[in-house]
2 protein chains.
Amino acid sequence: MSVQIDALDRKILIALQEDASRSLEEIAKHVGSSKTPVWSRIRKMKEAGVIGQQTVLLDADALGLEACFFVLIRTSEHEAEWQNKFLKTLRERAEVMEAHRLAGDIDYILKVRVANARAYDEFYQALISEVRIYNVTALLSMEEIKSTPLLPLASVPS
Amino acid sequence: MSVQIDALDRKILIALQEDASRSLEEIAKHVGSSKTPVWSRIRKMKEAGVIGQQTVLLDADALGLEACFFVLIRTSEHEAEWQNKFLKTLRERAEVMEAHRLAGDIDYILKVRVANARAYDEFYQALISEVRIYNVTALLSMEEIKSTPLLPLASVPS
DNA sequence: AGTGAAACAGTTTTGCT
DNA sequence: AGCAAAACTGTTTCACT
């Protein structure tokens, strides 16, 4: 399952992340190789799951999703059943763009994208009605300084 | 600059977010239209900046980026010059995948992706040597429950 | 503004080195 | 493995409705 990624693979991944609409030929030239080897490496990395979904980044504000909250959650419950229900809810809710289980006294952090504060409150009410939560702090984003799905591949020496 | 997005546009955006590798014909069929209108709507939304970068999602763990931190920052400085330098640093650093200015007593939140705790510490040392920061709390992610750049478009009624 | 076809470009396969 | 050509699929443009 785990592929060994070499320097050329990494160059290809960097190029694809930057702009997945470029042609094979352009990418090959950019990474200093040619079509066939680049093509077979991309295919292998897709099969191995290193390369996942191909997508386009959209302008959230232009689409009316103008509010972004980071939600810090503490819970007193740690049974498997509670956790399964909680995780299922997070995965199902499209407003939840990030959800992480944390080390330390805060148990979970979420990033939630919604149209406005009212829509956040609806999400929040739905969440706490589904699972018992001990303490919630919502941090409202005033300004998105940066938001990118692009991994910092240049900083991995390997 | 701002385009009016109608129901068909939104369907196209949802389809593109889900899988930008599909052919125009597949997308047209999926949204109940045909090639030319879908093509011209996509072109217009690209020109308007509603549709941005086309990219591929990669597996961070497989690429050796195994650590993810959320960083809560309080600062005592609020002059323009300090802020410009701070924002510039965040935008330049590829490890910083999210950076938001917040309302409330925490001033900023960052999401930082790095290879390991040592790499995080290097980032942290570099950050505080460049700009004065009053208080920093780093939350370590133990488990990425969800992480998606896909906007919850279905939940915007407009 | 949508349809259908023509022209063009890119991807994917294959056989050769 | 890498290269070059062939076959195929998808994109982009255009004339017509």
Side-chain angles (χ1 to χ4, degrees), chain A residues 1-59 62-64 149-151 153-154 156-158, chain B residues 1-59 62-64 149-151 153-154 156-158:
Chain A
M1 189 70 214
S2 68
V3 262
Q4 209 33 17
I5 302 290
D6 68 11
L8 181 55
D9 289 325
R10 192 152 43 242
K11 278 190 192 173
I12 294 168
L13 293 174
I14 291 170
L16 280 178
Q17 275 205 137
E18 267 175 19
D19 183 357
S21 75
R22 275 184 290 190
S23 72
L24 244 197
E25 201 164 22
E26 283 175 300
I27 292 166
K29 188 162 50 166
H30 184 77
V31 302
S33 182
S34 57
K35 283 168 74 175
T36 317
V38 171
W39 193 80
S40 72
R41 280 157 182 265
I42 290 175
R43 192 178 46 72
K44 272 177 201 143
M45 291 191 285
K46 279 183 180 164
E47 276 168 15
V50 175
I51 297 177
Q53 224 171 336
Q54 184 162 335
T55 188
V56 289
L57 305 183
L58 305 179
D59 181 334
L63 295 164
L150 307 191
L151 296 175
L153 291 181
V156 192
S158 179
Chain B
M1 188 69 214
S2 69
V3 262
Q4 208 34 15
I5 302 291
D6 68 11
L8 180 55
D9 289 324
R10 192 154 41 247
K11 278 190 193 171
I12 294 169
L13 293 174
I14 290 170
L16 280 178
Q17 273 206 138
E18 267 175 19
D19 183 357
S21 75
R22 274 185 290 190
S23 72
L24 245 196
E25 201 163 23
E26 282 175 302
I27 292 167
K29 188 162 51 170
H30 184 77
V31 302
S33 183
S34 56
K35 284 166 73 175
T36 316
V38 171
W39 193 79
S40 73
R41 281 157 182 267
I42 291 174
R43 192 177 47 72
K44 272 177 201 141
M45 291 191 283
K46 279 183 180 164
E47 276 167 15
V50 175
I51 298 177
Q53 226 170 336
Q54 184 162 334
T55 189
V56 290
L57 305 184
L58 305 179
D59 180 335
L63 295 165
L150 307 191
L151 295 174
L153 290 182
V156 191
S158 179

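In the text below, chain A, chain B and the rest are named by the order of the sequence lines, each starting its count at 1.
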Worksheet item: Short question: side chain of A:Thr55, backbone of B:Ala20 - any donor-acceptor pair under 3.5 Å?
Response: no
Worksheet item: Contact boundaries of DNA chain C with chain A (under 4.0 Å, heavy atoms), 5' to 3'?
Response: C:dG10 to C:dT13
Worksheet item: Residues in side-chain contact (heavy atoms from CB on, under 4.5 Å) with B:Ser21, at least two apart?
Response: A:Gln54, B:Asp19
Worksheet item: Who are the side-chain contact (heavy atoms from CB on, under 4.5 Å) partners of B:Thr36, not counting sequence neighbours?
Response: none
Discussion item. So, using salt bridge (charged side-chain N to carboxylate O under 4.0 Å, His left out) as the criterion, who are the partners of B:Asp6 when residues are at least two apart?
Written reply: B:Arg41
Worksheet entry | Results of side-chain contact (heavy atoms from CB on, under 4.5 Å) for B:Ala28 - residues two or more places apart only | B:Val38
Fill in: Nucleic acid footprint by protein, nucleotides 2-17 of chain D - heavy-atom cut-off 4.0 Å, B for base, S for sugar-phosphate alone
SBB-----SBBBB---
Response to the item:
Quick note, salt bridge (charged side-chain N to carboxylate O under 4.0 Å, His left out) partners involving residues 25-37 of chain A, not counting sequence neighbours, are none
Discussion item. Suppose we screen for salt bridge (charged side-chain N to carboxylate O under 4.0 Å, His left out). Which residues come up paired with A:Glu18, at least two apart in sequence or across chains?
Written reply: A:Arg22
